[in-house]
Amino acid sequence: MKTIVIKQDESFEEAAKILRRGGLVAFPTETVYGLGGDALNPESSRKIYAAKNRPSDNPLIVHICDISALNRLCAEVPEYAYKLAQRFWPGPLTMILKKSAAVPYETTGGLDTVAVRMPDHEGALKLLRESGVFIAAPSANLSGKPSPTTAEHVFHDMNGRIDAIIDGGEVGIGIESTIVDLTKAPFAILRPGYITPVMLESVLKEVIYDPAIIDANASKDLRPRAPGMKYRHYAPKAELTIIKGLEQSVVDKINSMVENNILSGLKTGIIAAEETADRYKAGNVKIAGSIKDPVTISHSLYGILRSFDDEETDVIYSESFDRERLCGDNGGSASDEEFAGAIMNRLTKAAGHHIMEV
Ligand code: TXA
Ligand code: MG
């Protein structure tokens, strides 16, 4: 199959046609690129799983451009779901609700619930409007790779496997949307993201984190409520370790490990904050962003992991970007602090839970 690339400011006529006839089009959103197909066409959903090499029990998110779509896709839409939609859509919030008969089980991975979100991105919204279809889309990476944050990442993974890619440049947030399950009490965050519990509590009385995603030890016994959270995602080829502790101790520890690696002939990568990057003496240092602005870090994280793969790095050390560090002395908001938790959730998974305390 030949994969065509369409720029976001070009005509979407062809892309819309591809979707309507059951084909696949990758597109940008404000979080990560999605791999879209017609959510109401079971054949399209099957193609999505095949293109990604993804297990078909892992449900897809249905993207919409109009709140009224909730009535078509969901069996019941409680008042608070509309309130959340009005407040946070378009935006990086996915709601889980009971599905209607219109949504095929191929799209929901066999579940009676459906995940819905309205993305806050011109390219995504234009594609939704022009095609007139509800677009089922997981992240547009091959299963096991970090979610794509540029059209080039998508091309790398999906060239020859899908019909088209819409190139909208780099995405903004860089990590996947927050997922909130509204189908049973207490309402729970199944995947942390840019929209934090503190923000949701402006509409919902109580929101908890799914206990299975809070810490690594708990998750060994508990089954995450979002099927996708049980897979080991985002793992780079190199062995990745997060180094946590006082800033200068972390830098010193990494410097000494890099020195040893050089003697052993290991190619070492370092993921550092803008504030500390120039304190490293050797190794391939990549700047994630500023600890004063967590979204600069989420924005570049997956791209950095991919580039270490391309450069055939053997070992990667990452500074920790935990809540204390990102918000401790910087006067960050409670929401910034929760968002730091979302970033660490992705980084910790990529590291296979390897954390070294110094
Ligand atoms: O930011 C995002 O959400 C991106 C962009 C493209 O919108 N999409 C994305 O999709 O991250 P994906 O497929 O990579 O992740 C979807 C997650 C998976 O963990 C899946 O298990 C969960 O959502 N999910 C989907 N439907 C669900 C449902 N009905 N119940 C529980 N979890 C669900
Ligand atoms: Mg994904």
Side-chain angles (χ1 to χ4, degrees), residues 24-37 39 45 48-49 51-65 73-75 88-100 103-121 123-125 127-128 134-149 153-154 157 166 168 171-184 187-195 210 212-213 223-235 298 302 342 345-346 349-350:
L24 303 186
V25 179
F27 61 97
T29 79
E30 79 281 35
T31 56
V32 300
Y33 273 75
L35 172 52
S45 293
I48 291 175
Y49 291 113
K52 274 183 71 90
N53 277 334
R54 174 179 176 134
S56 59
D57 67 341
N58 191 359
L60 308 174
I61 294 175
V62 181
H63 297 70
I64 61 173
C65 61
L73 299 168
C74 308
F88 296 106
W89 283 357
L93 177 69
T94 296
M95 294 196 253
I96 311 276
L97 292 160
K98 294 218 171 66
K99 81 169 195 70
S100 72
V103 184
Y105 283 111
E106 283 78 359
T107 299
T108 66
L111 299 176
D112 287 314
T113 53
V114 61
V116 190
R117 96 172 184 100
M118 189 191 296
D120 186 13
H121 194 288
L125 292 170
L127 185 65
L128 282 156
F134 304 127
I135 304 181
S139 49
N141 51 289
L142 283 173
S143 204
K145 282 267 184 189
S147 295
T149 53
H153 296 161
V154 180
D157 285 12
I166 291 177
V171 302
I173 296 173
I175 64 171
E176 306 81 353
S177 63
T178 302
I179 301 179
V180 63
D181 182 357
L182 300 173
T183 62
K184 53 178 174 251
F187 301 144
I189 306 265
L190 309 192
R191 181 174 70 182
Y194 187 79
I195 305 289
D210 177 1
I213 64 167
R223 169 180 262 271
R225 274 160 68 175
M229 297 298 278
K230 71 176 184 255
Y231 298 106
R232 180 170 180 252
H233 271 171
Y234 328 123
S298 60
Y302 288 154
N345 169 270
R346 305 313 197 279
K349 275 185 141 197

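The chain is numbered in sequence order, starting from 1. Each ligand, and each atom within it, is numbered from 1 in the order the structure gives.
The heavy atom nearest to atom 8 (N) of ligand 1, out of those in Asp181, Ile61, Asp112, is found in Ile61.
Numbered from 1 in the order shown, with element, the atoms of ligand 1 that lie under 4.0 Å from a heavy atom of Ser177 read 1 (O), 2 (C), 3 (O). Near Asn58, the atoms of ligand 1 lying under 4.0 angstrom from a non-hydrogen atom of the residue are 18 (C), 20 (C), 21 (O). Near Arg225, meaning under 4.0 Å from one of its heavy atoms, ligand 1 places the atoms 31 (C). Of all the atoms in ligand 1, the ones that sit under 4.0 Å from a non-hydrogen atom of Ile179 are 17 (C), 22 (C), 23 (O). The atoms of ligand 1 that sit less than 4.0 Å from any heavy atom of Gly34 are 6 (C). Against a heavy-atom cut-off of under 4.0 Å, Leu111 is close to the following atoms of ligand 1: 28 (C), 29 (N), 30 (N). Every atom of ligand 1 with a heavy atom of Pro59 under 4.0 Å away is listed here by number and element: 20 (C), 21 (O), 24 (N), 25 (C), 26 (N), 27 (C), 28 (C), 33 (C).
Outside the 6.0 Å centre-distance limit, the rings of His153 and Tyr302 are not counted as a close aromatic pair.
For Pro227, the heavy-atom gap to ligand 1 drops under 4.0 angstrom. Taking 4.0 Å as the cut-off, Thr108 does not count as a neighbour of ligand 1 on heavy-atom distance. Residue contact check for ligand 1: Arg117 places a non-hydrogen atom closer than 4.0 Å to it.
Taken from CZ in Phe27 to CD1 in Ile135, the straight-line distance is 5.0 Å, to the nearest 0.5 Å. Once rounded to the nearest 0.5 Å, the distance linking OG1 of Thr178 with CZ of Arg117 reads 9.5 Å. The distance from the CG atom of Asp157 to the CG atom of Leu142 is 4.0 Å, given to the nearest 0.5 Å. Leu111 contributes atom CG, which lies 9.5 Å from atom CG of Asn58 (distance to the nearest 0.5 angstrom).
Residue-to-ligand polar distances place His63 within reach of ligand 1: an N/O pair is separated by less than 3.5 Å. The N/O atoms of Gly228, backbone and side chain alike, include one that comes under 3.5 Å of an N/O atom in ligand 1. For ligand 1, the polar-atom distance check finds no N/O of Thr29 at less than 3.5 Å from any of the ligand's N/O atoms. Between Arg54 and ligand 1, a contact under 3.5 Å exists for at least one N or O pair.
Heavy atoms of Thr113 found under 4.0 angstrom from ligand 1 belong to the backbone as well as the side chain.
With Glu176 as reference, Val32 is the one residue of Ile61, Thr29, Val32 to meet the side chain to side chain contact (heavy atoms under 4.5 Å, CB included) rule.
Judged by distance alone, the side chains of Thr113 and Arg225 never bring a donor and an acceptor atom under 3.5 Å apart. Side chains of Ser177 and Thr31: no donor on one and acceptor on the other come within 3.5 Å. Using a 3.5 Å distance cut-off with no hydrogens or angles, the side chains of Arg191 and Thr94 do not pair a donor with an acceptor.
Listed here is the closest heavy atom pair of Ile64 and Val116: CD1-CG1, 3.7 Å.
For a distance bound of 2.8 Å, the N, O or S atoms of Ser139 include one lying that close to the Mg ion (ligand 2).
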Working for side chain to side chain contact (heavy atoms under 4.5 Å, CB included), residues Leu60 and Glu106: CA-CA 9 Å; Leu60 308 174; Glu106 283 78 359; over 6 Å; no
